[in-house]
K.L.:
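One structure coming up, written as structure tokens, with questions to follow.
Keep in mind that this is a model prediction, so the values were computed, not measured. Just so we're on the same page: letters track the sequence lines, and every chain starts at 1.
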2 protein chains.
Amino acid sequence: MSDGPTITTIAQRAGVSIASVSRVLNGLPTKAETERRVMSAARELGYVPNSVARSLKSRRSNQLGFAMADIGNPVYLAMIREIQPVFKAAGYRLVLHSTNVDAADEIDVLRGLGERYIDGLIMIPLRVTDEHLKTFASARAPIVIIGTVPDGTHVDNVRADSRRGVRLAVEHLHGLGRRRIGFVNGPLDTVPGAHRSAGYAEALQALGLPYDRDLVEVGDFYRADGGRATARLLERAPDLDALLCANDLIALGALDVLRRERRRVPEDVAVVGMDDTDLATLAWPPLTSVSLGSAERGRAAAELLLDRLRHGERPPRVVTVEPRLVTRASTMGEETP
Amino acid sequence: MSDGPTITTIAQRAGVSIASVSRVLNGLPTKAETERRVMSAARELGYVPNSVARSLKSRRSNQLGFAMADIGNPVYLAMIREIQPVFKAAGYRLVLHSTNVDAADEIDVLRGLGERYIDGLIMIPLRVTDEHLKTFASARAPIVIIGTVPDGTHVDNVRADSRRGVRLAVEHLHGLGRRRIGFVNGPLDTVPGAHRSAGYAEALQALGLPYDRDLVEVGDFYRADGGRATARLLERAPDLDALLCANDLIALGALDVLRRERRRVPEDVAVVGMDDTDLATLAWPPLTSVSLGSAERGRAAAELLLDRLRHGERPPRVVTVEPRLVTRASTMGEETP
DNA sequence: TCCGAAATTGTAAACGTTTACAGAAAGTAC
DNA sequence: GTACTTTCTGTAAACGTTTACAATTTCGGA
């Protein structure tokens, strides 16, 4: 654990200058004899180049960041699983930031770009404040945002069309003959919460169904909250025959409560989740869920970031991933692959 | 995205030397007037200190690494969730390495310690080779290994007592009157695979049950493999009345197959998983599982690492986390909290 | 007003690399 | 052997900090 050898150590042992050592190690042309001596000195000393010094000189850290609210959320996990190998293949390490659903924390991470320890960042802000927008603009390194930002924001952006996703779900339920479709949403001041809310209203209207406030309940994006919200909803609207949940975790909470209340799924109440995480296949009954393409969004974000790093200035891009309904037993009574 | 200001820029604008700027920014004693001018120059310029330069000087990167086989595994996820906040609170960033179950990749990460981009590392090697042991010894920064290493290895180590964990499970099943207890294990050349295998044999012997090779099957540590292995087992030993699975993913695969084969759980076959991940509560029926304290192990590892960073040389420690059986409907027919 | 001590500041070196530039060595052609 | 070109090497500066040390300023007391 003593201080490791540096190019100076190698230079001394090989009897050459540090410049020559550096050139040999970087594969620049050198006399065969010099190369031989440097290489063997390096090997004998167990030399490993100091990446910090290298970064200082090259102004590149070879690290990229990923910032999300909470690593526990399977959606983010699915993204990391896509992002990590893409970064790795491009020679970047992954620095993870969990911001605990804290906007100030997010701003900190953005500011941190100035510290130059990462060359770029993928971020999923739950809420997008003015402060966020300002910081995007003045950021000192490329950023890709996953999640819809206001049109015209000067930043690479990957979006899920969750409004359309909600529509797919509502149409599916309507097609199955359900008319009293409850909706358990997440907080309305979050980006996904707001979009899903809008999508729900739109879908009802398109289908000619009335918007009944008693059929809508809001909680947090977690299982326990989902359960509590569902319980409230069942009390207010005992006649509901379907439940659309703003994500899979909420849907699991809903399933817990429906089971406790002895309502059969899907016979009495059909349930649809969103995100189509691994949880959907684990739930019982397996959960029909709207895939918002988490994996694709992760990959797209990683590739946008790498592209931006390679090609510098170019107008920001917006990639929208199309939603897809994956039907399973929680609405169809029988699993379809 | 232009080059940001440095202390030199600030020094010019404030009309002082870079040393003074540095002192002000680090809170060393300075004349009030100087401090005022430096601070306002820094604020106006939007100065953010360059952490790479700082690291070069201080020889500390303020980053710590976590290396595991595959981020998708919920056990590792549970660990990350504990590790990340502990690191963050201590002022360290988290660098994630997913080694794809590849020993060479793991060695690479260990070698990477020499690059000095992390000040320490927590690693979960699936297999511990001689190469690993050699690299532990010559590592240029502190390491904590999660997973049992040979006694006497000079490295901080956090262990789960999975042998005892397996015993708990077998005794539980035996106590329920099951006598034909199948065992779906992971690869025997992995650390957990080997220990679980030993534990299974021990437990049978302690209970006076015969070891029947037909009751043991090996696959990989994933859901699909678990399913396939279970199918093979059912064919060879159709009379088995219990199934012990080496982790929860395998157990989920087993539940899939048992359902397909119309065997009731737990009436016909009682099923036990290991690791007690979130999956256990999601499965249907909810899965009895042996908790190997993933969260505790993660936290313990993080604290060992921080302690080592703070106190330098001290004999390596071994922390062993006790297993705990969490019974649920897959063995008891009814959930107990 | 001056002296010495204390407080503050500036200069310069260092951390470990990469790289522009100039100088040395080697090779070529006569 | 000389002159010229080509190839290789070493010196030194730079990246953005921190910090030892010396130089300067400030201040209290006479």
K.L.:
Can you name the closest pair of heavy atoms from D70(A) and S98(A) and give their distance?
P.N.:
CA-OG, 3.6 Å
K.L.:
By side chain to side chain donor-acceptor pair (under 3.5 Å), which residues pair with T135(A), not counting sequence neighbours?
P.N.:
none
K.L.:
Only counting residues at least two apart or in another chain, list the ones meeting side chain to side chain donor-acceptor pair (under 3.5 Å) with H132(A).
P.N.:
E106(A), T129(A)
K.L.:
Angle between the end axes of the helix from dT1(C)-dA30(D) to dC30(C)-dG1(D), five pairs per end, to the nearest 10 degrees?
P.N.:
50°
K.L.:
List the atom of L121(B), the atom of L305(B), and the distance in Å for their closest heavy-atom pair.
P.N.:
N-CD2, 3.7 Å
K.L.:
Partners of Y92(B) by side chain to side chain donor-acceptor pair (under 3.5 Å), sequence neighbours excluded?
P.N.:
R60(B)
K.L.:
Protein within reach of the bases, or only the backbone? For nucleotides 6-20 of chain D, mark each nucleotide 5' to 3' as B, S or -, using heavy atoms under 4.0 Å.
P.N.:
--SBBB--BBBBBB-
K.L.:
Could you list all the side-chain hydrogen bond (donor to acceptor under 3.5 Å, both in side chains) pairs where at least one residue sits in residues 37-56 of chain B, not counting sequence neighbours?
P.N.:
R13(B)-E44(B)
K.L.:
Has R127(B) got more than 12 heavy atoms of other residues, nucleotides or ligands less than 6.0 Å from its CZ?
P.N.:
yes
